[in-house]
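For reference, the structure is listed below as structure tokens.
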There are 2 protein chains.
Amino acid sequence: MFTRSEEDHLKAIHTLSVTGTKASTSAISERLDTKASSVTDMLKRLAEKGLVAHEPYHGAKLTTSGRKAALVLIRRHRLWETFLVDKLGFRWDEVHEVAEQLEHVSSEKLIDRLDAHLGHPRFDPHGDPIPDKNGRMITRKLLPLSRCIAGDHVELSSVRNGTDALLHYLTRKGIALGVAITITATHEFDGSMELKLGDGRILSVSREVAEQLMVQ
Amino acid sequence: MFTRSEEDHLKAIHTLSVTGTKASTSAISERLDTKASSVTDMLKRLAEKGLVAHEPYHGAKLTTSGRKAALVLIRRHRLWETFLVDKLGFRWDEVHEVAEQLEHVSSEKLIDRLDAHLGHPRFDPHGDPIPDKNGRMITRKLLPLSRCIAGDHVELSSVRNGTDALLHYLTRKGIALGVAITITATHEFDGSMELKLGDGRILSVSREVAEQLMVQ
DNA sequence: TGCCATTTTTAGATTAGTCTAATTTTGTTT
DNA sequence: AAACAAAATTAGACTAATCTAAAAATGGCA
Ligand SMILES: [Mn+2]
Ligand SMILES: [Mn+2]
Ligand SMILES: [Mn+2]
Ligand SMILES: [Mn+2]
């Protein structure tokens with residue numbers, strides 16, 4: 001249906017515009033590690049195909065069909081990540097690159113069978129919701145741990161923009177999805193937080209980390 | 001490592017030259033459904049990279065590194081086919097096209113984990129041997145059913161050049177890998193054969209079909 | 001031996017996807 | 001309002017992968 005590059009652009013635009021805002025040329029190029037001029041070219045092609053609305057100098061927005069296509073890609077990506085972790089024993093910090101390739105294999109039957117094989121999972125290994133066949137997925141109101149205050153009891157629900165390095169760091173610290181967290185103290189001067197985990201262990205995290213941990 | 005087109009060419013050359021003969025430009029182009037001139041271009045590029053020995057006007061042969069690369073591709077292809085049938089419930093006539101895409105996902109870890117997940121299968125759903133990590137695979141001395149004579153008792157071991165149409169036809173006739181076959185009669189004039197299957201069912205197959213069924 | 005059909009290669013064009021460098025637009029700041 | 005910096009687009013070039021059409025080589029046969 002689409003080329004690999006078209007698919008990656010659609011996915012990037014979708015991720016950048018979950019809130020409904022337009023995705024800027026430079027933001028897309030940064031996400032895909034290409035030059036802005038390459039993105040401009042691709043936006044023209046995608047606009048031609050009716051997948052995005054490109055307002056020159058003001059970024060791009062997915063059309064209805066573009067959004068539909070992007071959700072198919074996100075569904076594939078998250079299902080493959082789930083497969084790699086649940087069935088092949090990969091760690092959550094090892095799956096992204098491989099899923100980035102697998103998502104481009106185009107076979108509706110393959111994905112639907114995979115979905116069934118995995119038991120129709122609702123969330124991927126990073127806590128991100130998996131769209132169903134119709135593009136629908138569970139929406140949860142999560143907030144970053146950094147917005148919690150001392151005394152709050154929360155549960156880790158997803159890791160935002162999880163780079164492999166961050167995910168690996170969390171694993172080493174014993175932080176996984178679903179872990180119960182009690183905030184014991186917050187520090188104004190650097191935004192770091194002291195936590196007590198469900199198993200009683202004590203640790204502290206920097207502001208940078210706390211901003212990526214989505215809870216409740 | 002290689003592009004999709006390079007990989008498909010390497011695989012085609014390997015398949016054409018299992019016997020040690022050179023693969024001709026036109027044979028490759030027919031297999032890949034491209035034009036001969038495109039193949040000539042690609043042979044130059046592969047020769048440049050040291051993967052094939054291209055003797056202009058006389059076809060191409062894989063070098064040692066080319067053969068190694070081709071075996072990786074064949075391993076991936078057959079493991080994915082096995083996955084699709086064993087884990088996702090595809091029929092043997094539905095897997096080729098999807099595996100043709102999946103084989104290009106490059107991650108050694110993925111393939112080795114998949115191999116383990118499947119229990120290190122030795123044969124794919126069509127009876128073709130799966131190379132191991134080192135490119136080694138089981139070799140069996142099979143012969144086409146068409147070479148058998150009345151009274152022979154054999155077992156179906158693999159289907160040669162199995163197009164999806166042939167595989168589907170076999171399934172409808174109740175012929176699957178491993179089935180016991182007794183040849184009850186052969187007909188000189190058209191090469192067709194009368195068979196009795198393990199479950200007692202009687203049927204006849206044309207020469208064209210009998211030549212594709214590898215037995216013993 | 002020399003002709004000729006078939007096969008293969010070469011030449012030249014096209015499309016997708018990318019880049020660098022130059023130009024244009026935007027929006028903010030004096 | 002003019003100037004400027006940042007962002008985006010345009011222009012022009014390159015590579016990979018394909019094609020069609022023309023030219024060249026091969027190998028069998030009269
Ligand atoms: Mn991708
Ligand atoms: Mn994920
Ligand atoms: Mn392929
Ligand atoms: Mn097979």
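Convention: sequence-line order gives letters A, B, ...; per-chain numbering from 1.
Rounding to the nearest 0.5 angstrom, the gap separating the NZ atom in A:K87 from the CZ atom in A:F83 is 8.5 Å.
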For this session: Can you check each nucleotide of nucleotides 4-10 of chain C against protein heavy atoms at under 4.0 Å and return B for base, S for sugar-phosphate only, - for none, in 5' to 3' order?
Result: ----BBB
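Computed from coordinates, the B:E7 CD to D:dA16 P distance equals 15 Å when rounded to whole Å. Rounded to whole angstrom, the span from the NZ atom of B:K35 across to the P atom of D:dA21 amounts to 10 Å. Following rounding to the nearest Å, B:K49 (NZ) and D:dT15 (P) show an atom-to-atom distance of 14 Å. If you measure from atom CG of A:D8 to atom C1' of C:dA16, you get 14 Å, rounded to the nearest angstrom. Rounded to a whole Å, the CD1 atom of B:I28 is 16 Å from the C1' atom of D:dT18. As a whole-Å value, the separation of A:E48 CD from C:dT15 P is 13 Å. Note: NZ (B:K22) to P (D:dG27) measures 10 Å, nearest angstrom. Rounded to whole Å, the distance from CZ on A:R4 to C1' on C:dT18 is 14 Å.
B:K22 pairs with exactly one of B:H54, B:H58, B:E55 by the side-chain hydrogen bond (donor to acceptor under 3.5 Å, both in side chains) rule, that one being B:E55.
Contact annotation for A:S5: backbone-only contact, meaning every heavy-atom pair under 4.0 Å involves sugar-phosphate atoms and none involves a base.
Note: B:H126 and B:H96 fail the aromatic proximity criterion, with ring centroids not under 6.0 Å apart.
Checked by atom type and distance alone, the side chain of B:R113 pairs as donor or acceptor with a backbone atom of A:G89 at under 3.5 Å.
Inter-residue side-chain proximity for B:E103 and B:D8 is flagged as met; some heavy-atom pair is nearer than 4.5 Å.
For the side-chain hydrogen bond (donor to acceptor under 3.5 Å, both in side chains) condition, the pairs that include at least one residue of residues 64-73 of chain A, sequence neighbours left out, are A:T63-A:S65.
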